[in-house]
Every structure is written in C-alpha cells, then in structure tokens.
There are 2 protein chains.
Amino acid sequence: MELRQLLEEKSQQNYLIYLPNLSIDCVVFGFYNASLKVLAVRLKGQSLWGLPGGYIQKEEDVDSAANRILQERTGAANIYLQQFRVFGNLNRSEGFFEGYPDDLWHKQRYVSIGYYALVNFSEVNPVMDLFSDACEWLDVQDLPEFMMDHRLILDKALSALRKQLNYKPIGLSLLPEKFTMPELKKLYEIILGKTLNRGNFYRKILRFGILEKLNESRKGGAHKAPDLYRFDHIRYKEALKNGLQSEW
Amino acid sequence: MELRQLLEEKSQQNYLIYLPNLSIDCVVFGFYNASLKVLAVRLKGQSLWGLPGGYIQKEEDVDSAANRILQERTGAANIYLQQFRVFGNLNRSEGFFEGYPDDLWHKQRYVSIGYYALVNFSEVNPVMDLFSDACEWLDVQDLPEFMMDHRLILDKALSALRKQLNYKPIGLSLLPEKFTMPELKKLYEIILGKTLNRGNFYRKILRFGILEKLNESRKGGAHKAPDLYRFDHIRYKEALKNGLQSEW
DNA sequence: TCAAAAGTGTTGGCCCTACACCCATGC
DNA sequence: GCATGGGTGTAGGGCCAACACTTTTGA
C-alpha cells in the first residue's frame, strides 16, 4: 500500500492513542565487524533515511515509550537506553509533509525527545513497520543523507556517547560476551574518532578493574592470538553508578 | 483573586496559545553570601514551593520558550541556560489539581523539559506572577518541601551541574565581575558538597588559564585581604567550548 | 602580639605519554 | 625467517594529595 494512504488511515486513530506534538527518536548503536553501526529506517517510496521513532501513549511513561518503540524495532528487551536531549526547534521538520492535509497526525509540529541505545549487534533483528520499506544497520563512518534534522540528532547522540566515555564504562551492551582488547580498543577509537596508544589503553582499562581475563585466546586470525576478556558484571555496574574518571 | 478562579479564567486561553501536555521547569541557581540559592515560587494559598515554569507557544522554539519564561521571572536576558533532562513519568503530578474540572489546562498530563540556569544573583529581581504569592531565593542547603516532583528536578539539576564541573568552567555567570579565590573555591565546594584543599584548588584553577589576577585585594574583612581576580572572557568561552579536563 | 585566613612551597606517589622491546602466528 | 599484530617494560613529566610554612590583616 502507498505511504499516503497508510498515513491518512492511521491519522485519526493516532490522535486518540498518543500525546500530540511529542515524539521520540532513537539512535541505536551497534558494533560489528570493527565498525560502529546505526539502525535506520526508510519510509515507503522515500529516498532519505530516518531514525526509528514513535509516539508516547496518553497513559504511558516517556521512558516506557522509548523502550516500547525500541523493542518493536529490534525485538530486544532490556536495552541500555539513555535520554540525551530534546529537539524542539519550530522548523525542524519544515515542509516534510507538504501536500498532505493539515490535520494529518504526522504533519503536526513535534518536540522530539532524543534517546540513544547501545545494543548487542547480533541479538538484534531489524524489524520493518507498515510505513517503511527498509530497516537496516548503516555504518556511522559512511552515512547517506537523512530526513529532517535526523542527522543532527545522530551527531548529538554520538557526542553524548563520547562524553559518557569520560565517566562511565562502555562495552557491556555493545560487545559480545567474550572479546579481545584490540576489539575494545577499536570500539573506543571509533566512538572517539581517533586512534589510541595500545599499551596505555590496556593499562588504563585494566586499572578500572571491570575486566576479567580468561584463559583463552581468539585463535584463527593471522598473527598472535589475542587474549579473551569478559566484563565483571558486578564491578561494571558499580562503575556505571559511581563513575570512573578523576573528579574534584 | 483566588487561585482557582484565576486558573479557570486562563484555562481556555492557554489551549489556544500553548502546546498541550508540554511544560518547562527551570532550576535557577544563584550564588550569594557564600551559599547557593535557587529561585522558587509559591502558588497562591498553597504551602508547598515549586520551580518557576511555563509552557511552549505553538509557534516558538523550545529553547526560546525557556528563555522567555526565565526573563519573565528574573528580568534578566541572555542567561546561561542548559537543558538537562525530560521528566515524563505518568504520575509525576498525580492528584495535584484534584477537585478541579478535568478540562482545566493545568490539570493535563505534562511532560516537562528541565532546564537549569546560572545567574548573577545581584542582577536578578524575582518577579511574582498572577498565580503566585511568593517568588524568592531559597538556600539549597536548607530547602522546604516542594510540590509534585520539583524536588527531584532540583536534585537532578544539581547533579547535572556537578557533572559539568568536570569538563566545563563555571563561575562567569554566577559570580560578580571581580571575585576572590576563596569565593570561587566556596562556589565549587557548595556545588560538589565537599571541601577542597586550598593550595591544590588554587593551582588547578590557575592552570586552566581562564583567570586574570588583578592588582587589588578585597579589604575590609578580618584577616589577610584576598587577591581579586576576574575571568578572561575569551579564554573562558574557549574552555566552555573545548572542555577542560583530561579526556581520552 | 596573636589568631585566623590567604598565599606559597615541598614531597612522594600515581598516571600519562612515548617509545622500545619481546612474543606468537601465518605465510 | 619475516612481517604483522599482540602484550609488556620503561623513562620522564605532570598532576595530585597532603601538609608545612610564610604573609597579612583586624582585634
């Protein structure tokens, strides 16, 4: 079915179910093949990509709404989800639904609450919905054009994530159960957008005391087999709560 | 006039002017008499205090709305204003307008966008509005009970501010033009909730390179007269943009 | 002259940088 | 063996905490 017809059919119903003028946009990060990925959707018949998003039910907490929206898209529950910013400029979706009737639900002015999520790539199955004809992982290093201000939202999410590296551990939600130091280092490097010194990274990460070294190594690749680690979940959660870095 | 009558009169009008279900709450910090203050209002005939807040006009950016609301309350423009979090729980104002008609504007479910502001205490004149019978500075160390979830919002603002100390300079908006090191140290101590070592604080702050030492001292107090400093605005703004502390 | 506050000096330890050096592996 | 990447060692500098010392002021 065509997008226009679908939107107009849903429009009336949405006014009854959801809070008006409010939306949620999710920036879902995954890590795969030594690169950072973002979940993106493409509306039927459109060329531009967008972030997965949705609306808040009239009788639903905002955080619950974000969780629900994410679960619909990924099939995964209990995802690490972090509200990071509100996008409330008047003109942020200007002209996007031009030609559609003015009372169309989707043509409202939206104040959007931005969340970012960190997920284990292999546990996620991107799910399309009625309005989209694509829901895929895109590489953060090589992004196509996005609709409305979704590229801005993505950039702000990345910079919020980058800030978080300075006082919280990361990786438990993004990496598989077992991983190597070079993989963890690569993750940091991609988020930060710069290369790090190997030895110094090893020592700094180990000093955090959130890693457990396993008696195994990742065989099979060329060259020396790197040691495998996993996170100590208890210490990791403590570090999440108490913060890592030097404070006043 | 009584609160109820006032609210009911404004109610209809508000539906025309503002976006429904959305509000803004401002945590306005000031520094005076060696203690941290917060601007609070009290609704007519109510015992509990609340944060100054307001609504977003249908044709207004969210950030502009926050600025407008603050200017109405403080008379000051160009205030340092920072969005820090959305409060979107369903039950956050539960029962507050019990007994009022269900279609009252103020009885809606609100998703509130939290901002904190840093202002120069002496440049602010707290302004009451129609609905309140008090608008005052309260001491952060000695707070009364607040309505709804406003105490939570205040606490989250403080902790956001505390986090900001780790990567941004502070003080330009809170202190007078000229100030002493003990005053700046006191400001940090109050925000952080702990005492700092004098010598180490001096050196660390000076190393930031955002202070200019003046050839004056604050005479008049007992004991040795402390040197006066002021911020180098150019370097201060650079530090605000680039961040201060150690990063990856 | 004395107490209290402001300002400066000093010491040891830790972390950070940079780089060098080994080790393991596939070709 | 050799190139490549993984893991560890090390030397120098800077920041940090803690504490001691000096200076300045009003009473």
Side-chain angles (χ1 to χ4, degrees), chain A residues 33-35 165-167 169 171 175-176 178-190 192 194-230 239 242-248, chain B residues 33-35 165-169 171 175-176 178-190 192-230 239 242-248:
Chain A
N33 199 16
S35 54
L165 284 196
N166 286 319
Y167 56 96
L175 294 169
K178 299 175 182 180
F179 55 90
T180 67
M181 273 293 189
E183 284 164 359
L184 184 58
K185 172 165 171 281
K186 187 74 194 168
L187 173 60
Y188 269 77
E189 288 179 336
I190 288 183
L192 293 166
K194 65 178 176 192
T195 57
L196 300 170
N197 179 286
R198 189 157 35 99
N200 301 335
F201 177 83
Y202 278 43
R203 277 181 288 261
K204 183 161 180 171
I205 285 284
L206 286 177
R207 219 171 334 105
F208 289 165
I210 56 175
L211 290 183
E212 192 183 344
K213 189 172 186 164
L214 305 173
N215 282 322
E216 315 171 55
S217 51
R218 168 106 68 222
K219 312 272 185 191
H223 320 302
K224 179 170 177 177
D227 300 339
L228 281 169
Y229 291 83
R230 74 168 156 227
N242 303 331
L244 280 175
Q245 222 84 344
S246 71
E247 290 171 7
W248 282 88
Chain B
N33 198 16
S35 55
L165 284 196
N166 286 319
Y167 58 95
K168 281 184 183 178
L175 294 170
K178 301 174 180 179
F179 54 90
T180 68
M181 274 294 191
E183 284 163 0
L184 183 58
K185 171 164 171 282
K186 188 71 194 172
L187 173 59
Y188 270 77
E189 289 179 336
I190 287 183
L192 293 167
K194 65 178 173 191
T195 58
L196 302 170
N197 179 284
R198 189 157 33 99
N200 301 333
F201 178 83
Y202 278 42
R203 277 181 289 262
K204 181 160 180 172
I205 284 285
L206 287 177
R207 221 173 329 106
F208 289 165
I210 55 174
L211 289 183
E212 192 183 343
K213 188 173 186 165
L214 304 173
N215 282 322
E216 315 169 56
S217 51
R218 168 108 66 224
K219 312 273 184 189
H223 319 303
K224 178 169 179 176
D227 300 339
L228 281 168
Y229 290 83
R230 73 168 158 227
N242 303 332
L244 281 175
Q245 222 86 344
S246 71
E247 291 172 7
W248 282 86

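Heavy atoms only: backbone and side chains are in, while hydrogens, waters and symmetry mates are out. Values in this document were obtained by computation on a predicted structure and should not be read as measured data.
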*Whole Å only: how far is the CG atom of B:Asp227 from the P atom of C:dT8?*
7 Å
*Test A:Tyr229 against every option in A:Leu206, A:Leu175, A:Leu184 by the side chain to side chain contact (heavy atoms under 4.5 Å, CB included) rule and name the one that passes.*
A:Leu206
*Please give the angle, rounded to 10 degrees, between the axes at the start and the end of the helix from C:dT1-D:dA27 to C:dC27-D:dG1, where five pairs define each axis.*
10°
*Rounded distance in Å - CG (B:Leu214) to P (C:dG7)*: 12 Å
*Report the distance from atom CD of A:Glu189 to atom P of D:dG5, rounded to the nearest whole Å.*
13 Å
_d(CG, A:Leu196; C1', D:dG6) in whole Å_ = 16 Å
*For A:Gly199, does its backbone N or O pair with a side-chain atom of A:Asn197 as donor and acceptor, under 3.5 Å?*
yes
*asked:* Please compare B:Thr180 and A:Ser217 by the position of their nearest nucleotide in DNA chain C and report the one closer to 5'.
replied: B:Thr180
*Where the side chain of B:Glu189 meets the backbone of B:Leu196, is there a donor-acceptor pair that is under 3.5 Å apart?*
yes
*Atom pair distance, as rounded to whole Å: NZ in B:Lys185 and C1' in C:dG7*: 12 Å
*asked:* Using the rule given for side-chain contact (heavy atoms from CB on, under 4.5 Å), can you reason through A:Lys178 versus A:Leu214, listing the C-alpha separation, both sets of side-chain angles and the distance that settles it, and then say yes or no?
replied: CA-CA 9 Å; A:Lys178 299 175 182 180; A:Leu214 305 173; 3.8 Å; yes
*Side chain proximity check, B:Phe179 to B:Leu187, heavy atoms < 4.5 angstrom*: no
*Nearest whole angstrom, please: distance from the P of D:dG7 to the CD of A:Glu183.*
10 Å
*Which residue pairs pass the ring-ring contact (aromatic ring centres under 6.0 Å, His included) test with at least one member in residues 202-228 of chain A, sequence neighbours excluded?*
none
*Produce a footprint string for nucleotides 11-20 of chain D: one letter per nucleotide, 5' end first; B if the base is under 4.0 Å from any protein heavy atom, S if only the sugar-phosphate is, - if neither.*
----SSBBB-
*Below 4.5 Å, heavy atoms only, C-beta onward: do B:Met181 and B:Leu211 meet side chain to side chain?*
yes
*Value in whole Å for how far the P atom of C:dA6 lies from NZ of B:Lys224*: 10 Å
_So does A:Leu165 get a backbone contact from the side chain of B:Trp248, meaning a donor-acceptor N/O pair under 3.5 Å?_
yes
*asked:* Rounding to an integer number of Å, can you tell me how far A:Phe208 CZ sits from C:dC14 C1'?
replied: 14 Å
*Would you mind reporting whether B:Arg218 and B:Leu228 have side-chain heavy atoms less than 4.5 Å apart?*
yes
